[in-house]
Amino acid sequence: MPSYNPADIEPRWQQFWETNKTFRTEDDSEGKPKYYILDMFPYPSGSGLHVGHPEGYTATDILARFKRMNGFHVLHPMGWDAFGLPAEQHAVQTGEHPSTNTKNNIDNFRRQIKSLGFSYDWDREVDTTDPAYFRWTQWIFLTIYETWYDPIQKKGRPISELPIPEEVQLRGPDAVRKYQEPYRLAYRNEQPVNWCPELGTVLANEEVIDGKSERGGYPVVRQPLTQWLMRITAYADRLLSDLDPLDWSESIKQMQRNWIGKSEGAEVVFDILGQSPPVASGGLSVTVYTTRPDTLYGATYMVLSPEHRLVDVITTPDQREAVRSYQEASARKSDFDRTELAKKKTGVFTGAYAVNPVNCERIPIWIADYVLTSYGTGAIMAVPAHDERDFEFAKQFALPLVTVVTPNAKWLKDTGSTVDNLTAAYTDDGVAMNSGDLNGLDTTAAKEKIIAHLEANQLGTRKINYKLRDWLFSRQRYWGEPFPVLHGADDTVIPLPVSDLPLTLPEMTDYKPTGSPDGPLAKATDWLTVTRDGVTYRRETNTMPQWAGSCWYFLRFIDPKNPHAFADPAKLKHWLPVDLYIGGAEHAVLHLLYSRFWHKVLFDRGYVYCPEPFQKLVNQGMILGEYEYHCSVADFEKHQQSLVAVEITGTLRKPEEEDKVPTYVLKFRDEAAGVFVDLPDEKIFKEKGKTYLASPKIELTAKAEKMSKSRGNVINPDDVVKEYGADSLRLFEMFMGPLEAVKPWSTKGVEGVYRFLGRVWRMLTDDATDTLKLNPSVKDVEPDKEALRVLHRTIQKVGEDTERLSFNTAIATMMEFTNYFTKQDVRPKAVMEPFLLLLAPYAPHAAEELWAALGHTTTLAYEPWPKFDPALTKADSIEIPVQVNGKLKAVLTVPAGIDAAGLEAAARADAKVIEAVGGKTIKKVIAKPPQMVNLVVG
RNA sequence: GGCCAAGUGGCGGAAUGGCAGACGCACUCGACUCAAAAUCGAGCACCUAACAGUGUGUGGGUUCGAGUCCCACCUUGGCCA
């Protein structure tokens with residue numbers, strides 16, 4: 001048999017699996033327990049697969065294959081999240097329809113994914129841009145549109161069940177419709193949005209990073225626009241509480257909790273004082289939200305956001321000009337710029353005053369852009385003594401400050417403050433002071449008392465607030481799902497009947513943004529206007545965001561071809577929830593939150609039968625480039641001469657993040673080869689946990705960086721497959737370290753696992769011959785006791801490790817097995833066969849080929865997973881460490897079944913132990929077979 | 001600044017509170033070869049000639065026994081501000 005040649009083996013088995021539909025999931029479970037194992041489906045970008053993709057895909061594939069062999073009815077699908085900006089930008093540049101580019105990219109992704117031998121059921125492939133798919137995305141949108149949230153029942157209900165006041169009913173169907181609009185879970189609203197002129201679209205808050213677009217880094221400005229929103233805030237509490245029982249990592253749950261940002265506090269009403277000259281009629285008030293109502297006595301001024309609707313009403317004539325120019329300036333800033341802590345605070349006095357409701361003090365009202373319209377009520381009471389931003393603002397504008405929570409002594413000492421003269425805001429809890437009836441109460445008690453007081457006097461109410469905002473659902477783009485609605489002349493919204501779905505995109509020749517917040521669809525004049533029963537309607541020119549298609553794709557996989565429903569109810573009942581969902585941590589918040597939200601709406605409306613879609617979630621860690629040694633710029637410049645003398649060069653590396661300092665990457669010039677290589681071992685030493693270059697002594701950090709084109713450290717999976725084969729790529733990606741850890745790539749490491757597969761190959765075959773021939777050591781004989789022990793321990797360890805996704809240690813165990821048997825002249829078939837089954841989920845092509853070489857004629861994909869016998873995993877004699885006062889002094893070899901007394905006797909009798917005890921009194925003996933013995937002497 | 005992870009050989013990493021460094025990479029030596037590659041064998045934390053001793057970011061603590069548990073600090077990464 002020839003030597004191990006993945007280029008020959010792998011395409012053959014991929015063809016075999018495809019032809020025989022080996023991994024098709026039949027609808028009939030045949031009584032097997034179900035297991036739905038899902039990858040986060042990729043956006044098929046033009047640059048193709050990244051080595052990060054196969055990491056998650058290999059993990060799920062190993063588990064899918066493992067579960068099949070363990071008798072599960074496995075669902076393991078793959079598809080494409082194919083709407084999105086890059087394809088559209090390509091279309092803008094080339095005039096080519098985005099679907100063409102998308103289709104090419106999908107074909108390339110599919111080819112790459114298939115070349116890795118994953119056991120997907122390709123008959124279930126879905127594509128979010130396929131009208132047969134987005135028909136149901138539109139259908140779900142309409143379902144959400146036709147739902148309102150009942151706060152009493154705490155669930156989404158059909159809009160037809162919304163109670164309509166009688167006087168509205170009397171005014172007829174149009175009035176009812178108007179009444180319903182603001183209750184719908186999908187609704188339209190005018191609000192300031194992040195308009196990105198460069199991309200020609202508005203962006204969701206979460207797509208804006210540091211005041212720039214997440215994609216492309218273009219500037220973003222604020223502009224009011226009428227937009228579709230999804231009322232995800234109605235579900236905030238359920239999205240929060242339903243996290244608890246899920247089998248997700250605590251850190252991801254915490255990120256979701258932070259994003260939802262539940263806080264408990266109070267809304268407080270401040271009356272606005274009449275002005276002289278009067279600018280407003282009396283009776284005006286402003287409501288603020290605060291999480292610290294206990295500090296109300298310390299509120300010495302108020303701040304409204306520049307966009308607050310009362311600003312224009314209360315501003316006095318002499319302040320009008322200053323206020324107006326401030327409003328204009330802040331409109332140009334992003335939320336991030338406005339809330340940045342480090343920055344100097346800005347603001348303008350409105351000339352108006354309010355009354356502090358608890359002590360009747362007259363306090364000035366300012367506007368400042370550190371207060372956002374989108375959080376709370378868009379206005380705050382400022383308590384400069386106990387809030388950092390208020391403190392800075394008060395210092396800036398010389399506003400008064402009253403301490404109402406007594407700081408603890410340590411804090412006063414650390415900050416150099418006195419109770420009456422704070423040098424910083426004291427934000428911790430403490431005992432109330434200067435606060436009337438609250439004095440002497442701790443923060444929790446003070447909160448309770450003041451809220452009771454406010455409610456009793458109708459000055460305020462207890463209020464739970466969420467940081468989570470409603471989800472901006474419109475995009476001014478072409479390449480997304482069209483909204484299945486019509487707009488009437490008086491701006492009424494008419495949903496399309498379900499029979500009209502899918503509403504497809506019009507053919508266009510020009511995909512450029514219009515330059516106004518109208519999307520490119522505004523140019524599709526034929527498509528845009530629709531006449532029904534003699535009335536002319538206009539279609540929506542916005543499209544849905546990319547998140548829409550990915551919110552529910554896991555449901556479509558369950559019944560991907562169904563023309564009558566998004567999926568058959570019985571099938572949904574069988575497969576949901578997803579048992580294991582693996583993907584990148586970059587989707588830890590948004591995709592999962594949006595997806596959970598849609599799922600809950602569908603659950604409330606009776607279309608799915610479990611409240612949460614993803615039972616277990618694992619985030620694979622990012623794969624970085626190969627590691628390199630870095631040193632600081634100062635050290636490099638200082639030692640440049642000496643470095644040149646020892647043939648070391650440095651390259652300046654500027655990090656992408658602006659706040660990170662640049663470093664030099666050091667390389668050693670290999671005299672013989674004339675190339676620059678990583679610093680060799682002998683030039684490096686460690687001291688006190690730090691790494692140094694030996695001469696000249698410079699502190700080094702070994703670090704790996706994100707793969708990026710600009711650094712030139714991107715690994716293309718195609719190249720790895722070509723060089724070492726898919727099985728080696730799969731094995732290496734799993735062998736690198738724990739699935740969830742961030743870890744650097746190493747091409748040498750791929751060679752390592754490639755050599756392992758070569759050893760497995762030679763363990764079983766005779767590679768000196770040209771034709772298929774088993775290695776003469778592989779014999780049909782009874783395995784001896786030790787061979788059985790190695791096998792059964794391997795079965796146990798590989799099975800247990802695979803089950804808990806500890807793939808790296810499972811692979812190490814298979815390597816140990818191979819290291820043992822390649823040294824043996826007798827390799828019993830009865831041991832080799834189960835081993836191949838253990839290897840199969842990890843390196844399926846090689847395992848299938850060798851399985852066939854052992855004489856099998858069918859795939860091993862459904863062979864039962866080998867069972868281990870606990871009795872056979874144990875050796876006759878075991879080694880036990882003996883400690884004296886906790887320090888290892890000897891190792892005893894004793895029979896496996898030894899008891900504590902026997903072990904103690906053996907330890908006391910051992911010569912080395914006697915020497916270590918040195919005649920001292922043995923005060924205590926801890927003997928724990930089969931672990932250790934410890935003699936306490938003194 | 002807050003919250004959450006994580007710091008173990010030259011590198012990736014392993015280790016239910018019980019022999020630290022499994023497995024792999026790199027490196028060194030040897031076998032095979034005219035030679036190289038591949039392969040096979042041996043070695044490989046530090047200190048030491050050896051015995052011994054020291055070692056899991058730093059400093060304390062709990063325990064018969066700590067990489068593992070607790071406290072403080074330092075560093076790195078992630079998320080939030």
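No hydrogens, no waters, no symmetry mates; every other heavy atom, side chains included, goes into these values. Residue numbering restarts at 1 for every chain, and letters A, B, ... go by the order of the sequence lines.
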Undergrad: Using a heavy-atom cut-off of under 4.0 Å over every strand shown, decide if A:Lys889 touches base, sugar-phosphate, or nothing.
TA: sugar-phosphate

Undergrad: Distance check, P atoms only: B:rG24 and B:rU39, in whole angstrom units.
TA: 13 Å

Undergrad: Provide the Watson-Crick or G-U wobble partner of B:rC69, both distances under 3.5 Å; none if there is no partner.
TA: B:rG61

Undergrad: Can you check whether any acceptor in the base of B:rG12 is under 3.5 Å from a donor in the side chain of A:Lys743, or vice versa?
TA: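 Not at all, since no donor on one side and acceptor on the other fall under 3.5 Å apart.
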
Undergrad: For B:rG9, measure the glycosidic angle (O4'-C1'-N9-C4 for a purine, O4'-C1'-N1-C2 for a pyrimidine) and name it syn if it falls within 90° of 0, otherwise anti.
TA: syn

Undergrad: If we call it a pair only when both distances are under 3.5 Å in a Watson-Crick or G-U wobble match, what pairs with B:rA14?
TA: none

Undergrad: Applying a 3.5 Å limit to both distances, which nucleotide forms a Watson-Crick or G-U wobble pair with B:rA5?
TA: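 Paired with B:rA5, as far as the under-3.5 Å criterion goes, is B:rU76.
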
Undergrad: Have a look at A:Glu250 and say if it touches a base, only the backbone sugar-phosphate, or nothing, with a 4.0 Å heavy-atom cut-off.
TA: nothing

Undergrad: Under the criterion side chain to side chain contact (heavy atoms under 4.5 Å, CB included), I'd like the reasoning laid out for A:Phe732 against A:Met736: C-alpha separation, chi angles, the key distance, then a yes or no.
TA: CA-CA 6 Å; A:Phe732 176 66; A:Met736 292 165 90; 3.4 Å; yes

Undergrad: Who is the Watson-Crick or G-U wobble partner of B:rC32, with both distances under 3.5 Å?
TA: none

Undergrad: Have A:Asp825 and A:Ser777 got a donor and an acceptor in their side chains that come within less than 3.5 Å?
TA: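 Side-chain D/A pair, A:Asp825 to A:Ser777: absent.
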
Undergrad: Both distances under 3.5 Å, Watson-Crick or G-U wobble: report the partner of B:rC46, or none.
TA: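 Here B:rC46 is engaged in a pair, and the nucleotide opposite it is B:rG53.
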
Undergrad: Suppose we define a pair by two distances each less than 3.5 Å, Watson-Crick or G-U wobble; what does B:rA81 pair with here?
TA: none

Undergrad: If the cut-off is 4.0 Å, is A:Arg762 near the phosphate of B:rC40, judged by side-chain N/O to OP1 or OP2?
TA: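 For B:rC40, OP1/OP2 do have a side-chain N/O of A:Arg762 under 4.0 Å.
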
Undergrad: OP1 or OP2 of B:rG78 less than 4.0 angstrom from a side-chain nitrogen or oxygen of A:Asn619, does that happen here?
TA: no

Undergrad: Yes or no on salt bridge (charged side-chain N to carboxylate O under 4.0 Å, His left out) for A:Glu800 and A:Arg804, after CA distance, side-chain angles and deciding distance?
TA: CA-CA 7 Å; A:Glu800 288 171 356; A:Arg804 61 189 178 99; over 6 Å; no

Undergrad: Tell me whether the side-chain N/O atoms of A:Asn808 come closer than 4.0 Å to OP1 or OP2 in B:rG12.
TA: no

Undergrad: Taking B:rA14 as the reference, what is the distance to B:rC25 when you measure between their C1' atoms (whole Å, please)?
TA: 15 Å

Undergrad: With rounding to the closest Å, how many angstrom separate the C1' atoms on B:rC47 and B:rG9?
TA: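 After rounding to an integer number of Å, I get 15 Å for this pair.
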
Undergrad: With heavy atoms under 4.0 Å as the rule, sort A:Val882 into base, sugar-phosphate or nothing.
TA: nothing

Undergrad: Within the pair A:Arg755 and B:rC25, is there a side-chain N or O less than 4.0 Å away from OP1 or OP2?
TA: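 Answer yes for this pair, as a side-chain N or O of A:Arg755 is under 4.0 Å from OP1 or OP2.
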
Undergrad: Measuring to OP1 and OP2 of B:rG1, would you say a side-chain N or O of A:Arg389 lies under 4.0 angstrom away?
TA: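 So the side-chain polar atoms of A:Arg389 never come under 4.0 Å of the phosphate oxygens OP1 or OP2 of B:rG1.
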
Undergrad: Given B:rG18, B:rC80, B:rU54, identify the nucleotide with an atom nearest to the side chain of A:Lys887.
TA: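 From the listed options, B:rU54 comes nearest.
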
Undergrad: Hey, does A:Asn885 reach any base, or is it just sugar-phosphate, or nothing, if we go heavy atoms under 4.0 Å?
TA: nothing

Undergrad: Please classify the nucleic acid contact of A:Gln883 as base, sugar-phosphate, or nothing, using heavy-atom distances under 4.0 Å.
TA: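 Base contact.
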
Undergrad: Base, sugar-phosphate alone, or nothing: which one does A:Lys928 contact when heavy atoms must sit under 4.0 Å apart?
TA: base

Undergrad: Among B:rG24, B:rU39, B:rG12, find the nucleotide with the atom closest to the side chain of A:Pro744.
TA: B:rG12

Undergrad: A:Lys467 near the nucleic acid: base, sugar-phosphate alone, or nothing, with a heavy-atom cut-off under 4.0 Å?
TA: sugar-phosphate

Undergrad: Which nucleotide in the set B:rA14, B:rA20, B:rG18 lies at the smallest distance from any side-chain heavy atom of A:Ile926?
TA: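 Taking heavy atoms from C-beta onward, the closest nucleotide is B:rG18.
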
